[in-house]
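Each residue takes its place number in the sequence, starting with 1.
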Amino acid sequence: MYLKCVVPIPEVPGKITRLKKGNAIYIRYTVGRKYDSDKKYNVPDHKIIGKLEGGDPGKMVPNENFLKYFSGTELPEIVPDSKRSSCLRIGNYLVIRKIMEDYHLPEMLSGYMSEKGCGLFLDLAAYSIITEGNAAQYYPDYAFNHPLLTQGMHMYSDTKISDFLESVTDEQRVGFLNEWNAVRDHREKIYISYDSTNKNCQAGALEIVEFGHPKVDKGLPVFNYAIAYDTDNKEPLFYEQYPGSIVDVSQLQYMLDKAKGYGYRHVGFILDRGYFCKENIQFMDSCGYDFIIMIKGMASFVKSLVLEARGTFEGKRLKAIRKYRVYGTTIEKNLYASDEKERYFHIYYSDEKAYAEREQVEAKIERMTNCLKKQKGKKFTPGEGLAKYFRFEIYEEDGTFLYARERADVIEEELSLCGYFVIVTSKEMTAEEALEIYKSRDASEKLFRGDKSYLGNGALRVQSDRRALAKIFIEFVALIVRSRMYVLLKNEMETLDKKPNYMTVPAAIRELEKIEMIKGFDGRYRLDHAVTKAQKTILKAFRMDNNYVRKKAADLGDLIAKNDDGKGREDKNDGKAKKESVN
């Protein structure tokens with residue numbers, strides 16, 4: 001679909017080409033290369049990002065691919081010719097609305113926002129899920145061809161979106177999180193996976209961003225974002241945002257206090273190796289929380305555990321954990337000298353992991369060897385990294401480096417420890433049970449990947465703290481819905497004999513976008529055609545079928561006919577634009 005605006009053709013040397021078809025000239029962008037099985041060689045992978053407009057050879061009308069590959073480009077305001085598209089995509093709207101209603105999200109939010117504000121908030125969450133973006137300037141285009149949750153399906157401009165984000169308060173965020181966690185079953189024993197990420201920021205005016213220790217260091221200030229995720233019920237529970245200079249290990253105790261405040265008592269925590277320290281272990285003990293933590297690295301204590309167990313369980317059928325292709329055993333010990341409790345250390349060995357890690361060690365030694373060859377005959381002082389693996393025995397009197405020998409014993413010991421990893425638990429369980437619970441945190445890791453890749457939140461695109469916090473709040477609600485979509489699709493796929501490639505969330509979203517309502521000559525919207533076989537399979541995961549879609553489409557047609565009276569969209573060119581608040 002082409003947008004209602006004109007932009008300069010991107011200047012990307014060697015990647016922009018023109019293709020003439022009929023009277024139109026299309027602009028293509030080379031995104032990569034792909035193998036052509038017929039031609040037996042790689043060919044360019046072109047994507048059409050727009051078409052030439054008028055007589056200006058440097059301008060084009062962009063399409064949705066342009067938004068995908070050049071998302072940072074500022075567009076002129078998109079103002080459709082009519083107030084609503086004659087073709088509305090309703091598939092994802094029906095699914096997302098059903099999940100929101102099942103979770104009672106509209107009722108929860110309406111307790112803290114006006115009806116208008118609540119509808120717009122949920123529309124922004126749906127927009128983030130469906131388009132995999134969060135830029136306010138593109139929201140009017142989304143609203144143009146999708147049903148909306150706002151009162152009267154009112155379509156707001158990007159300026160009004162910005163005003164709404166500025167109006168979201170701490171009381172609204174805190175109130176929703178309190179209510180969302182209050183309705184969870186606190187009597188149930190659950191394991192909560194807690195993990196964090198950080199987001200780079202170019203808007204230096206934000207107070208929550210500071211220089212810290214980002215996972216991907218771009219030389220920019222960052223803020224941290226963490227989620228507590230119920231691995232048993234597969235639901236995000238609460239989130240935190242905190243300044244970038246605060247490291248994960250020191251934030252954990254504050255999170256545990258919040259969990260207690262939300263009423264979670266009968267729980268355990270699944271934590272990554274970044275949270276492992278004596279103080280955090282003691283604090284979890286004082287709170288009465290169980291824990292499952294991956295121990296980081298091969299410190300001397302971990303190394304001694306592995307060496308103690310090595311050779312006693314690898315390759316033994318009774319120690320095999322077939323689901324994960326590893327072998328495991330358990331040792332009971334104190335975690336540190338003053339530890340008053342016995343902990344359970346689960347030691348695992350994987351042939352695949354061992355092979356990959358040995359390759360890494362050998363490649364590392366090879367790089368160091370090549371580096372040392374280049375230093376021969378030069379004055380050279382080795383660093384600790386090189387000194388760990390090499391003996392620098394031969395120097396000239398003036399400090400000129402001549403030769404170094406490998407520390408064979410050090411390298412051989414490191415190679416012998418490849419393939420092992422250790423998980424420690426506070427509660428007695430088998431190695432298989434501990435690994436199964438720890439692996440359940442994969443869902444929360446997918447949540448973070450989805451947050452940046454599929455919700456467009458790799459960048460927040462805001463210039464104020466209030467708007468940043470509002471977008472994070474919307475992002476969390478979108479994660480609740482998208483997580484539910486992921487779980488239901490995965491559960492349904494496990495019941496199928498074949499594993500279709502359209503049962504992932506991104507593929508299902510693309511397929512559901514094809515369910516459309518068309519505006520007839522009489523001005524009424526009607527379902528264009530019955531759902532396809534693939535769409536039926538997807539809809540079944542959400543307890544929906546063709547009859548459900550037909551009924552909801554008819555209801556939408558009635559609602560649009562009632563509300564579309566020419567006032568559904570603000571015209572920014574009208575000097576009498578309404579000043580109403582949406583919150």
Side-chain angles (χ1 to χ4, degrees), residues 215 249 270-278 280-281 291-337 339 342-372 382-392 404-426 429-439 441-442 445:
K215 294 177 173 64
V249 69
I270 309 171
L271 303 171
D272 196 5
R273 60 196 73 195
Y275 297 98
F276 182 83
C277 74
K278 177 181 176 181
N280 284 341
I281 298 296
F291 59 82
I292 296 178
I293 306 180
M294 176 79 73
I295 300 183
K296 56 184 176 183
M298 271 291 172
S300 57
F301 175 67
V302 180
K303 187 187 298 184
S304 66
L305 287 174
V306 172
L307 292 175
E308 179 182 341
R310 192 174 63 181
T312 65
F313 69 100
E314 306 91 323
K316 296 188 182 299
R317 303 300 293 172
L318 292 177
K319 299 292 185 178
I321 305 174
R322 293 175 177 80
K323 182 177 180 180
Y324 300 106
R325 297 182 180 179
V326 301
Y327 297 90
T329 190
T330 301
I331 296 175
E332 191 174 348
K333 279 184 178 294
N334 296 111
L335 188 56
Y336 43 89
D339 195 359
E342 291 289 314
R343 314 295 182 175
Y344 301 90
F345 295 86
H346 309 281
I347 303 167
Y348 304 92
Y349 174 78
S350 163
D351 285 323
E352 292 179 8
K353 183 177 173 67
Y355 176 79
E357 290 181 351
R358 287 189 187 110
E359 287 293 305
Q360 292 173 4
V361 172
E362 293 290 1
K364 176 175 64 178
I365 300 301
E366 184 67 21
R367 287 194 302 270
M368 291 181 174
T369 301
N370 291 334
C371 174
L372 291 173
E384 291 183 5
L386 288 169
K388 176 181 177 181
Y389 296 101
F390 293 88
R391 290 189 179 91
F392 295 85
R405 292 188 176 89
E406 287 185 356
R407 293 182 181 271
D409 56 335
V410 174
I411 297 172
E412 287 168 3
E413 182 182 62
E414 187 163 326
L415 288 170
S416 72
L417 294 172
C418 289
Y420 293 91
F421 59 99
V422 179
I423 294 173
V424 59
T425 65
S426 59
M429 60 183 71
T430 66
E432 183 170 3
E433 289 170 340
L435 187 60
E436 184 72 35
I437 296 173
Y438 187 82
K439 286 289 186 180
R441 75 186 303 274
D442 288 350
E445 292 179 341

Please check if the side chain of E314 supplies one atom and the backbone of G311 the other of a donor-acceptor pair under 3.5 Å. yes
Would you say V302 and Y420 make side-chain contact, with heavy atoms under 4.5 Å? no
Return yes when atom OH of Y324 has more than 12 non-hydrogen atoms of other residues, nucleotides or ligands closer than 6.0 Å, and no otherwise. yes
Residue pair T329 / A309: nearest heavy atoms and the distance that separates them: CG2-CB, 4.2 Å
Would you please name every residue forming a ring-ring contact (aromatic ring centres under 6.0 Å, His included) with Y327, sequence neighbours left out? none
Does R441 make a cation-pi contact with Y438, if we ask for NZ or CZ under 6.0 Å from the ring centre and within 45° of the axis? yes
Evaluate the side-chain proximity of L335 to F345: yes if any heavy-atom separation is below 4.5 Å, no if none is. yes
Nearest heavy atoms of E357 and L417, plus distance in Å: OE1-O, 4.5 Å
So NE2 of H346 and CD of E332: to nearest 0.5 Å the spacing works out to 10.0 Å
Is the side chain of S350 donor-acceptor paired with the backbone N or O of V326 at a distance under 3.5 Å, no angle test? no
Within the distance-only criterion (no hydrogens, no angle test), does the side chain of N370 pair as donor or acceptor with the backbone N or O of E366 below 3.5 angstrom? yes
Straight-line distance of I295 CD1 to F276 CZ, nearest 0.5 Å: 4.5 Å
Distance, nearest 0.5 Å, that separates OH of Y336 from CD1 of I281: 7.0 Å
If the condition is salt bridge (charged side-chain N to carboxylate O under 4.0 Å, His left out), which residues does K278 pass it with, not counting sequence neighbours? none
What do the steps show when you test I437 against M429 for side chain to side chain contact (heavy atoms under 4.5 Å, CB included), and what is the final call? CA-CA 10 Å; I437 296 173; M429 60 183 71; 4.1 Å; yes
In terms of side-chain geometry, is the basic nitrogen of E436 or K323 positioned less than 4.0 Å from the acidic oxygen of its partner? yes
Heavy-atom pair with the smallest gap, counting every atom of C418 and Y349: O-CE1, 3.6 Å
For T312 against E308, the heavy-atom pair lying closest together: CG2-O, 4.4 Å
Separation between CG (L271) and CE (M294), nearest 0.5 Å, reads 11.5 Å
Could you list the donor-acceptor pairs under 3.5 angstrom formed by side chains in residues 407-416, with sequence neighbours left out?
residue	atom	partner	partner atom	Å
R407	NE	A387	O	2.9
R407	NE	F390	O	3.4
E413	OE1	K303	NZ	3.4
E414	OE1	Y389	OH	2.6
E414	OE2	K364	NZ	2.9
E414	OE2	Y389	OH	3.2
S416	OG	R310	NH1	2.8
S416	OG	E413	O	2.6

Mind checking the OH-CD spacing from Y344 to E433? Nearest 0.5 Å is all I need. 12.0 Å
Looking at I292, I293, T330, which one forms a side chain to side chain contact (heavy atoms under 4.5 Å, CB included) with I423? I292
So N334 and E342, do their side chains get closer than 4.5 Å, heavy atoms only? yes
List the atom of R317, the atom of R322, and the distance in Å for their closest heavy-atom pair. NH2-NH2, 3.2 Å
If we only count heavy atoms from C-beta on, is the I321 to Y348 side-chain gap below 4.5 Å? yes
Side chain to side chain contact (heavy atoms under 4.5 Å, CB included) assessment of L435 paired with F421: CA-CA 11 Å; L435 187 60; F421 59 99; 4.1 Å; yes
